[in-house]
Trainee: 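After the structure tokens below, expect a handful of questions from me.
We name chains A, B, ... by the order of the sequence lines, and we start the count at 1 in each one.
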2 protein chains.
Amino acid sequence: MTNIDNIDDKLREKGLRATAQRLMICREIDKAGHIEIESLYESLKKQIPSLSIATIYKNMHSLAEKEIITEVNVSGKKTMYELNIDPHIHLVCSECGNIEDIPFDTIKLVSNIKELSDRKISECKLTTVGICSKCLG
Amino acid sequence: MTNIDNIDDKLREKGLRATAQRLMICREIDKAGHIEIESLYESLKKQIPSLSIATIYKNMHSLAEKEIITEVNVSGKKTMYELNIDPHIHLVCSECGNIEDIPFDTIKLVSNIKELSDRKISECKLTTVGICSKCLG
DNA sequence: TTAGATGCAAATGTTTTGCATCATC
DNA sequence: GATGATGCAAAACATTTGCATCTAA
């Protein structure tokens with residue numbers, strides 16, 4: 001669970017340097033909720049013109065490895081990233097395509113599945129398709 | 001819900017021609033359970049040397065559009081495909097990386113989420129991480 | 001001071017496209 | 001026979017890599 005206000009410390013805790021680029025990447029992901037590489041690059045290039053897209057890719061890997069961000073994969077969409085925040089699931093809107101978070105206790109779901117299937121399960125990702133709150137009106 | 005034995009008819013029902021390539025693609029996906037483009041191509045090229053990878057890509061799109069197959073996205077893995085069979089969820093093995101199906105009533109889960117979140121939701125995909133049956137021994 | 005991070009440019013990998021030819025219906 | 005499917009080659013797009021330079025700790 002990441003709080004964007006302490007992101008400097010969070011990074012150092014995890015053994016990553018708090019570079020300007022890395023901080024801005026985290027803040028931009030936080031601001032966007034879910035964002036893909038190209039959008040991230042376009043947004044940040046305005047602020048750091050020298051920014052290289054290779055730096056973004058490298059950071060996506062290091063941040064994901066340290067579990068500060070998570071890769072979000074949705075069929076038919078480019079890979080996106082989000083900050084690791086409170087447990088939630090995704091709602092992909094079938095009208096507008098946007099992705100919305102729904103607060104949801106995935107911990108409970110995991111124990112549910114464990115009971116039903118008698119397997120060792122440590123985590124889960126749940127993606128739903130439906131109508132987002134904007135389109136619902 | 002697709003039965004591989006009637007795949008010819010299934011394709012025609014959906015308005016797709018039952019070409020040799022398309023049939024073999026379906027059978028290979030069925031055989032593999034979950035398969036990525038490159039593996040599919042390598043396997044089938046042995047049987048149809050003239051096969052083009054563009055044909056595979058085109059078929060993945062048409063078959064997915066007709067809901068005969070489904071794209072499977074797992075973080076850190078290439079996009080895979082599976083036949084649409086009975087409701088199930090995925091278990092990505094944290095030991096060996098394999099993907100296993102777990103029979104699971106996603107219909108019930110969807111109505112659960114609807115109740116809890118008061119949203120319009122039509123479908124869901126659930127991916128878990130844990131230990132697969134092979135690695136459990 | 002030094003290990004890790006960045007930026008650049010080139011290499012590699014993945015997916016799509018246009019079009020001529022072919023095969024299913 | 002018409003229309004959709006295939007194969008090819010090229011284009012477009014996405015990701016990774018190596019290395020010199022820079023900078024946070």
Trainee: Starting at atom OH of A:Tyr41, determine the distance to atom P of D:dA14, rounded to an integer number of angstrom.
Mentor: 13 Å
Trainee: Counting only heavy atoms and a strict 4.0 angstrom limit, can you tell me which residues of residues 13-35 of chain A come near DNA chain D?
Mentor: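 Hits under 4.0 Å, by residue number: A:Arg17, A:Ala18.
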Trainee: Specify the separation, in whole Å, of atom CE of A:Met80 and atom P of D:dT15.
Mentor: 12 Å
Trainee: Name the orientation class of the two ring planes belonging to A:His34 and A:His90 (parallel below 30°, tilted from 30 to 60°, perpendicular beyond 60°).
Mentor: perpendicular
Trainee: Honestly curious: do A:Ile121 and B:Leu109 fall in one hydrophobic cluster under the side-chain, below-4.5 Å linking rule?
Mentor: yes
Trainee: Please give, in whole Å, the distance from D:dC22 C1' to A:Lys58 NZ?
Mentor: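 From A:Lys58 NZ to D:dC22 C1': 13 Å.
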Trainee: With rounding to the nearest 0.5 angstrom, report the OG1 to CD1 distance, B:Thr106 to B:Ile89.
Mentor: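 The CD1 atom of B:Ile89 is 9.0 Å from OG1 of B:Thr106, to the nearest 0.5 Å.
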Trainee: Examine D:dT15: is either OP1 or OP2 under 4.0 Å from a nitrogen or oxygen in the side chain of A:Tyr57? Give yes or no.
Mentor: yes
Trainee: Write down the distance between CD1 (B:Ile48) and C1' (D:dA5), rounded to a whole number of angstrom.
Mentor: 12 Å
Trainee: Please compare B:Ala54 and A:Pro49 by the position of their nearest nucleotide in DNA chain C and report the one closer to 5'.
Mentor: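 Going by which nucleotide is closer to the 5' end, it is A:Pro49.
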Trainee: Looking at every strand, decide which applies to B:Thr55 at a 4.0 Å heavy-atom threshold: base, sugar-phosphate, or nothing.
Mentor: base
Trainee: Are A:Leu44 and A:Ile48 co-members of a hydrophobic cluster defined by side-chain heavy atoms under 4.5 Å apart?
Mentor: yes
Trainee: Give B:Lys78 one of three labels, base, sugar-phosphate or nothing, depending on what nucleic acid heavy atoms sit under 4.0 Å from its own.
Mentor: sugar-phosphate
Trainee: Separation of B:Leu11 atom CG from D:dA5 atom C1', in whole Å?
Mentor: 12 Å
Trainee: Sequence neighbours left out, what pairs pass salt bridge (Lys or Arg N to Asp or Glu O under 4.0 Å) with at least one residue falling in residues 95-120 of chain B?
Mentor: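 Passing the test, one end in residues 95-120 of chain B: A:Glu100-B:Arg119, A:Arg119-B:Glu100.
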Trainee: Closer than 4.0 angstrom, basic N to acidic O: yes or no for B:Glu28 and B:Lys31?
Mentor: yes
Trainee: Respond yes when some side-chain nitrogen or oxygen of A:His61 is under 4.0 Å from OP1 or OP2 of D:dT15, and no when none is.
Mentor: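 Answer is no, no contact under 4.0 Å.
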Trainee: Are B:Ile25 and B:Leu16 linked, directly or through other ILVMFWY residues, by side chains that come within less than 4.5 angstrom of each other?
Mentor: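 They do share one cluster, since a chain of ILVMFWY contacts under 4.5 Å joins B:Ile25 to B:Leu16.
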Trainee: Looking only at side-chain N and O atoms, does A:Ser75 offer a donor or acceptor that is under 3.5 Å from a partner on B:Lys125?
Mentor: yes
Trainee: Around atom CD of B:Glu65, are there more than 12 heavy atoms from other residues, nucleotides or ligands closer than 6.0 Å?
Mentor: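 Count not over threshold, so no.
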Trainee: Take the protein atom CZ of A:Arg12 and the nucleotide atom P of D:dA24, then report the distance between them rounded to whole Å.
Mentor: 10 Å
Trainee: What are the 5'-most and 3'-most nucleotides of DNA chain C lying under 4.0 Å from any heavy atom of chain B?
Mentor: C:dT14 to C:dC25
Trainee: Could you state the CD-C1' distance from B:Glu65 to D:dA5, rounded to the nearest angstrom?
Mentor: 15 Å
